[in-house]
Peer 1: 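Please see the structure below; I have some questions.
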Amino acid sequence: MDASAIPSLGAKDYKSDIKPVWCPGCGHFTVLSALTKTLAYLGIPKHLCAVVSGIGCSSRLPAYVDSYGFHGVHGRALPLAAGLKAARPDLTVLVAGGDGDGFSIGGNHFLHACRRNMDLTYIVMDNEVYGMTKGQASPTTQSDWARSKLTPHGTGIRRFQPAAIALAAGASFIARGFSGDPAGLSGLLAQAIEHPGFAFVHVLSPCQTFRPEQRAWKQQVHPCRMQPTHDAAHAAELIQRDDGMALGVLYSEQIPVHAPGTGPTAAREALAGIERELLS
Amino acid sequence: MDASAIPSLGAKDYKSDIKPVWCPGCGHFTVLSALTKTLAYLGIPKHLCAVVSGIGCSSRLPAYVDSYGFHGVHGRALPLAAGLKAARPDLTVLVAGGDGDGFSIGGNHFLHACRRNMDLTYIVMDNEVYGMTKGQASPTTQSDWARSKLTPHGTGIRRFQPAAIALAAGASFIARGFSGDPAGLSGLLAQAIEHPGFAFVHVLSPCQTFRPEQRAWKQQVHPCRMQPTHDAAHAAELIQRDDGMALGVLYSEQIPVHAPGTGPTAAREALAGIERELLS
Amino acid sequence: MANPAIDPWTRPISVAVTGSGGSGAVTAGLILLAAAARAGLFGLMMRSAGPQIRGGESAAMLRFGPRELGCMGDRFDLLASLDWGNHARFSDEISLDARSLVLADPQAGPLPGSISDSGAAVRMLALRQEAAAVAAGRPNMVAVGALGAAAGLPLDALLSGAMRTLADKGGDVLDAAFACIRRGYGEPAGTAPTLQQQPPPRWNISGNEAAGLGALRAGVRFVAAYPITPASEILEWLAPRLERLGGALLQAEDELASINMIIGASFGGVPSLTATSGPGLSLMLEGIGLAVATETPVVVVDVMRGGPSTGIPTKSEQSDLDAALHGLHGDAPHLVLAALGIGDCTFTVDWATRLAERLQSVAIVLSDQSLGQSRAIIDPVPPVDGIAPRGVVPSGAAHEDDGYRRYAPTDDGISPMALPGTPGCTYTADGLEHDPRGTPSSRSTDHRAQLDKRRDKLHTFTYGDAWAEIDGKGDLCLLTWGSCRGAVMEAAAQLREDGIAARVVALRLIMPLRREALLSALAGSTVMVVEQNHGGQLFRYLHGERALPAHARSLARPGPSVLRPAEIAAAARRLLQETHDGCIGHSEPWGEGL
Amino acid sequence: MANPAIDPWTRPISVAVTGSGGSGAVTAGLILLAAAARAGLFGLMMRSAGPQIRGGESAAMLRFGPRELGCMGDRFDLLASLDWGNHARFSDEISLDARSLVLADPQAGPLPGSISDSGAAVRMLALRQEAAAVAAGRPNMVAVGALGAAAGLPLDALLSGAMRTLADKGGDVLDAAFACIRRGYGEPAGTAPTLQQQPPPRWNISGNEAAGLGALRAGVRFVAAYPITPASEILEWLAPRLERLGGALLQAEDELASINMIIGASFGGVPSLTATSGPGLSLMLEGIGLAVATETPVVVVDVMRGGPSTGIPTKSEQSDLDAALHGLHGDAPHLVLAALGIGDCTFTVDWATRLAERLQSVAIVLSDQSLGQSRAIIDPVPPVDGIAPRGVVPSGAAHEDDGYRRYAPTDDGISPMALPGTPGCTYTADGLEHDPRGTPSSRSTDHRAQLDKRRDKLHTFTYGDAWAEIDGKGDLCLLTWGSCRGAVMEAAAQLREDGIAARVVALRLIMPLRREALLSALAGSTVMVVEQNHGGQLFRYLHGERALPAHARSLARPGPSVLRPAEIAAAARRLLQETHDGCIGHSEPWGEGL
Ligand SMILES: Cc1ncc(C[n+]2csc(CCOP(=O)(O)OP(=O)(O)O)c2C)c(N)n1
Ligand SMILES: Cc1ncc(C[n+]2csc(CCOP(=O)(O)OP(=O)(O)O)c2C)c(N)n1
Ligand code: SF4
Ligand code: SF4
Ligand SMILES: [Mg+2]
Ligand SMILES: [Mg+2]
């Protein structure tokens, strides 16, 4: 798909009238724009879309999109979205959040959402820091980043590798975007939303305030050199060798979508039959 | 290491006088024996060893080992053990539990314990079922196992791959054992305990009561065909191609052990100096 | 063979079957219960097991009689022991006396001291030998026959009970069972039975099944949950039935996920529920607070077990009341209800769900192991009616120019909810404090308005009479909640036999408290608050609400064994004595002591 | 330039600096606070900010005077606005009147209506222009000079305050600040200052720092935590300092991990603590219950913010009391304490930690945003003494033949704890109910014995006088807890000026309640319970403990703004009027209303 072909017409209609709390220059602004642009491009009716999030700067996104939204508690966006999708398969359900929300407190739900392969799109705005709580290390922070007062010598531990974990957990679509490349990001978001099943979009989205050095990402990102492979074992090796800066679709496969309780076979029997079985 | 060379002398001394609640024939009995045998072999003084667990049949193990132990709450054994190890680096800290405890409710701690690489040994007795709560599907259960009343058509979702996840999360030692091969298991446990850093031992440990078909595991296991590699990317591919029945060390590397607060540089300054800095 | 003193059509009788794990004591109990139903009796069956996952020891304790039975009695009429291995573990629970009859197998070895000391009559019965005479015969089935005969149940009811209970076993198993039951009954020959009389249309139901039914009746079509003892059977019962009704059950990775899943589903418009026990409730509290703040209706059924922490997972206690009432951080008003019996699990979950839906609130329903894992033969429970469904913005509704106001103040504090899919009503539900549109706000006025709204909608609703069950008249009032009601009712009956008039007030709606109604129900009485926990949790809560007279006393006794009618009646007599003697002092809320 | 009515050595004065985010209002406030300390005054500084992460708007509210200050006053003497952009957001918090003086920059545009309407005098001051005259000069520093002069602070104190506050900035920044402060002060020329007088040895400390210090004093050497507003500064302050003392702080993946990490560390023998706020407390409750059941000492500091759910993260409220007292499932007695002021965070955390260690229990310490994120100039707080350390089995101790009995009953309910590494005392701590050896047990007698033990050890301990701070005498008693104490004390002072004698009782140890002591402290008075939440949480709790007279009234008002002395005094006057008129009826616990 040629990302630059995505028309911006209508994108504004998907922005709500609430003013973001974000700092000037925050990467999350561009993610918001790319998302509204994508929704316009895909022509998803606003009232049939829901954006679910946890807590963090990134997680404030739902209120800025003019669709249905749920700004839940820290780390629990994915299960809330899974429940919504199970109840309402007619909706396009998007999940948005940060690296702290998704990979620290929310790590378990990330694993199980990847396995579960429900038709959700999960957008993580990774700035390798907890922005909202003023600059602590997140799971994706480099182990020697020593500017958090909680870990004054750096965390000293390995970084969390979102794409590798998603793959090992069984995700069927994995892509990486960059807020500094909004057109490319819109293209990835469109593919992710159209992917049947769980689609994970890892978005590099710099924090101006606590990670100003991330301005250099502009120079560091590069297109993904690997061809989208459908072989998970091969992809596992490729993703491990990746420098974390490759943009594009890292993995994609078509497997059955898990849609609990919505199979066409679910006969709507009357409760009376069930009650009858209780008779002694 | 020649596992059969492990002497059983003294293993009994590591068994407590509490009678296990386990069903006759449960795989966990053999894991207990292999562990006490290993402790005897390594000559770890009972009072300098602590076994920490969560909740489940498997998690009842600590009380049956005559060492210090902590039978905590469901899914939280790893953080409890991390705190204990941080406070008491002199102890050998082992963590034991099941596939439900470790990979379902405890999945997030598993990820972060792998990253954190503290000097802990984590033994998961995987029976692909929740034994203690009478037979529900666990994350490692096959998607079409339809004998749980909670998921009468099977879970319908991908299985959790413990070794692949551990590797993606950054674990520095990954092995797979089988309770039907106690000598081999003892050998792996010994290596795991001696490994400096986080060592994950995935033990296939059949549930007689809810998964009697697992008796066939005896025929299905086979030695690990891959050479222990130190290249994580390569290992990622190999582990993905593995059938889940390969026994042996799947991955091992030497990286710095994370030992919070126990560096020799930690000068024991007086509190008075800190108080002085508060003066206005 | 029947004992003339034992006539379950006249007064309830109690029967126990004990044995080591695998001996089939529980199956025997289930057959006896089904048989009693077939014979037209009401019944109750509780079970008890040791810590072993399989094996160990187990007991079935039954009671049947001419009326609904809310509790076990104080003593047992009949006991059959399949073996004496771990009988000691049950000797507290199964109290025998000189009027009791014990059926013992001579092959099972010497009688335990507790049996001989009880003074019970012992009849030797060669269970093993009789069973051995039947191909694939089992001693527990012989015991069923013998106990059935001793209890005066017709043979065809026993055989029909076996048929129901062993329906999914093969024909051979059933044939062997029939033969053994006949031998035990003392009628070794005969053909397959046809029950003469049509039994009344009653339910054979456990509290956990009953809770599941209440959920279905109230329209619950989505459940997400994580298994935990003793709540799992609610989920196991619901999973296939939800599917039959076009709904779904999702097994979550943990309780943090399950509570958030049902919030998502309810936000989408589908009435949703989860079930758990104490440890799971603790993990759900943050999510429950989110549902309160966003006004998303959800129902959490807590089947309580012994606490604190992992506690005693297989035994009953009423010690999660504090957490259910007050466990949420911040000011977070919600509904707390308690099921008053096995059948009442249906009513209370049904009512709670309708209230939660109507009030856009969270309902925590407290059941416990003694209700959830016990079975009863009861009259069917009628469904709840008269509560309007969730107020939803109709598709195509016009709304003010400044956008849809999800949290607009209204007279009753309930603001119509737009479900996703409604054009023109997009909004974001938010756990941050918000203004009427849902936009985050830290203004005092918005905070206050939303706090008031969330409290007042619960306080001003007209709940009707179901807030409590009130029985009897008298100067003594036994005030209780939840599963204790059965034993309290029976204690009141015992007191009445002694000429002491007692009323019983059993609270079903605990929060918001119907304080005025409660005060008038208590008016003029000497009050004793009965509950099964250590801290006197209801007692303290009611004092906190200033809903108890100063002289009220607490009978709070923790688990694992359930409260007995005689224990309650004795405490009440002591209380009356003290009151009479004028020495009633300040009430100590802890201890069962009076 | 000084206003004769303004003399902080005689009576406290209040000063505010507001501006848009990045304008440096908070830095200006910190300099003024440090300057006041250098000048020998006591002081207090609170801050307020909008929802923006950076930018938005912010305000520093200060008060300084001749005595320790526990709250902001009812009005402000001085206000400097760096710009008027979002001043409206603060107009509630910063109330001005005819006696107030506002310093405004003519370049900042027209005055907001709220300023003109207040009747305050306005003095124009060219902040931007003055700053522009200095290389790298900033208007906020000019404001520091001008406010300092108006408040009567010596110039050298201001310069010295700037030096302390800007210590980690470069020399150029400091030089520019000095020049601007001088210009604002009206003394543009001069050399670097040397403070003549040695200021008294006082602390310049925030509540969160003070809490951290209390932990270190009590021996805490391991902390695991997950960041959350407004508790993070405790952790940030502790991390490097723990390291200096040979301890460690571990940033956990979530609060479920952090509570379990500290349980593990404490089991290993190291006094351990975590800090969080409401949402984190909710997530920790299951773990806290485990610590209660296993009798593993841990301390949880909850720096409360607006609730429920995510609520209002940057604002203060006292609404987590219910959850702290009653949030655990099962009967799970533990300690709940509240810090009564910024400096008292040191004492209370110190005391709580020692109690938890001694009693092998959990202590939840309630602080809040208004304490944690405010700074004060106070006299140093003396350390706690007189509490024996954790009872530990000495290495090499003999014990009974039947093995070490970790949970053996003792007279005081405290069983000596063997730390891992002690030969011969191996045992497994268990969240399952257990017998004295720690072996899982579901026997009634074991359950009862351990429940009694865990309760009684807390109830029978001799806590001494620190359970509350009691001040004054009088028929009116203002009963309060936590951060409200400052405002309540000042309200009592205002009432005394009116001739109304009032006593103040501020609870520090809330659970277990020192009931008898409290009843005697309240004896004979008209009681008003003052707290900052919606539900009257302390009021209900005390009634639940039957520790309040029936006529007691509740003044419960939620956040986000903190309670003001005049608001409390007015409520007290209304109460006395009603009492006098004889119309005092049943107390409604909700609403601030009387
Ligand atoms: C249970 C709970 N714990 C902690 C917090 C505090 N908290 C809010 S946001 C956040 C981290 C956000 O980081 P991230 O998800 O990376 O988002 P960012 O702000 O960087 O976009 C934390 C720790 C909370 N709100 N709730
Ligand atoms: C918070 C919480 N949720 C649920 C449970 C119930 N529970 C106890 S053990 C268990 C699963 C155990 O499975 P696994 O870890 O695989 O151990 P196994 O019994 O199979 O050895 C569950 C769900 C609990 N104790 N606590
Ligand atoms: S703190 Fe960082 S992540 Fe948060 S809004 Fe500011 S720039 Fe964005
Ligand atoms: S249920 Fe399964 S896992 Fe549990 S003790 Fe029995 S055999 Fe072992
Ligand atoms: Mg982030
Ligand atoms: Mg298992």
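Naming: A, B, ... by sequence-line order, numbering from 1 per chain. Because only heavy atoms are used, hydrogens play no part in the values below, and waters and symmetry mates are left out as well, while side chains stay in. Predicted model only: the values in this text are computed from it and were never measured.
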Peer 1: Can you say whether the rings of A/Y122 and A/F198 are parallel (under 30°), tilted (30 to 60°) or perpendicular (over 60°)?
Peer 2: tilted
Peer 1: If you count heavy-atom pairs under 4.5 Å between each of C/T296, C/I262, C/D254, C/L242 and chain A, which one has the most?
Peer 2: C/D254
Peer 1: Under 4.5 Å from any heavy atom of chain C, what part of A/L271 do you find: side chain, backbone, both or neither?
Peer 2: both
Peer 1: What option among A/V65, A/L80, A/V21 has the most heavy-atom pairs under 4.5 Å with chain C?
Peer 2: A/L80
Peer 1: Checking A/R115 against C/E253 for the salt bridge (Lys or Arg N to Asp or Glu O under 4.0 Å) test, could you report, in this order, the C-alpha distance in whole Å, the side-chain angles of both residues, the deciding distance, and whether it holds?
Peer 2: CA-CA 11 Å; A/R115 291 178 57 217; C/E253 54 270 33; over 6 Å; no
Peer 1: So does A/D126 get a backbone contact from the side chain of A/D99, meaning a donor-acceptor N/O pair under 3.5 Å?
Peer 2: no
Peer 1: Quick check on the 6.0 Å ring-centre criterion: do A/F210 and A/Y130 meet it?
Peer 2: no
Peer 1: Could you tell me which of C/L256, C/I205, C/L216, C/I377 has the largest number of non-hydrogen atom pairs under 4.5 Å with chain A?
Peer 2: C/L256
Peer 1: So which part of C/A418 gets closer than 4.5 Å to some heavy atom of chain A, the side chain, the backbone, both or neither?
Peer 2: both
Peer 1: Fit a plane to each ring of A/F110 and A/F160, take the angle between them on a 0 to 90° scale, and name the class: parallel (under 30°), tilted (30 to 60°) or perpendicular (over 60°).
Peer 2: tilted
Peer 1: Quick check on C/F222 against chain A: is it the side chain, the backbone, both or neither that has a heavy atom closer than 4.5 Å?
Peer 2: side chain
Peer 1: Strictly under 6.0 Å, is that where the ring centroids of A/F173 and A/Y251 end up?
Peer 2: no
Peer 1: Please find the pair of heavy atoms, one from A/A86 and one from A/M118, that lie closest to each other, and give the distance.
Peer 2: N-CE, 3.8 Å
Peer 1: For the rings on C/W203 and C/F42, is their centre-to-centre separation under 6.0 Å?
Peer 2: no
Peer 1: Tell me, side chain or backbone of C/R202 under 4.5 Å from chain A's heavy atoms, or both, or neither?
Peer 2: both
Peer 1: Where does C/A257 contact chain A at under 4.5 Å (heavy atoms): side chain, backbone, both or neither?
Peer 2: both
Peer 1: Looking at A/L48, A/V52, A/I18, which one has more heavy-atom pairs under 4.5 Å with chain C than the rest?
Peer 2: A/I18
Peer 1: Given the options C/G268, C/P420, C/A34, which has more heavy-atom pairs under 4.5 Å with chain A than any of the others?
Peer 2: C/P420
Peer 1: Is it the case that A/H109 and A/R76 place a side-chain donor and acceptor less than 3.5 Å from each other?
Peer 2: yes
Peer 1: With chain A, which of C/L290, C/L33, C/I263, C/I259 has the greatest number of heavy-atom pairs at distances under 4.5 Å?
Peer 2: C/L290
Peer 1: Strictly distance-based, threshold 3.5 Å: is any side-chain N or O of C/T165 a donor or acceptor partner for the main-chain N or O of C/A162?
Peer 2: no
Peer 1: Please state whether the side chain, the backbone, both or neither of C/L419 comes within less than 4.5 Å of a heavy atom of chain A.
Peer 2: both
Peer 1: Taking side chain as everything from C-beta outward and backbone as N, CA, C, O, which of these in C/S266 sits under 4.5 Å from a heavy atom of chain A? Side chain, backbone, both or neither.
Peer 2: neither
Peer 1: Quick one: which of A/S16, A/A77, A/G69, A/A81 has the most heavy-atom pairs under 4.5 Å with chain C, could you say?
Peer 2: A/G69
Peer 1: Out of A/P45, A/S67, A/G72, return the one with the most heavy atom pairs under 4.5 angstrom to chain C.
Peer 2: A/S67
Peer 1: Tell me the closest heavy-atom pair linking C/A252 and C/Y226, and the distance in Å.
Peer 2: O-CD1, 3.2 Å
Peer 1: Counting only heavy atoms closer than 4.5 Å, note whether A/L91 contacts chain C via side chain, backbone, both or neither.
Peer 2: side chain
Peer 1: At a heavy-atom separation under 4.5 Å, does C/S272 approach chain A through its side chain, its backbone, both, or neither?
Peer 2: neither
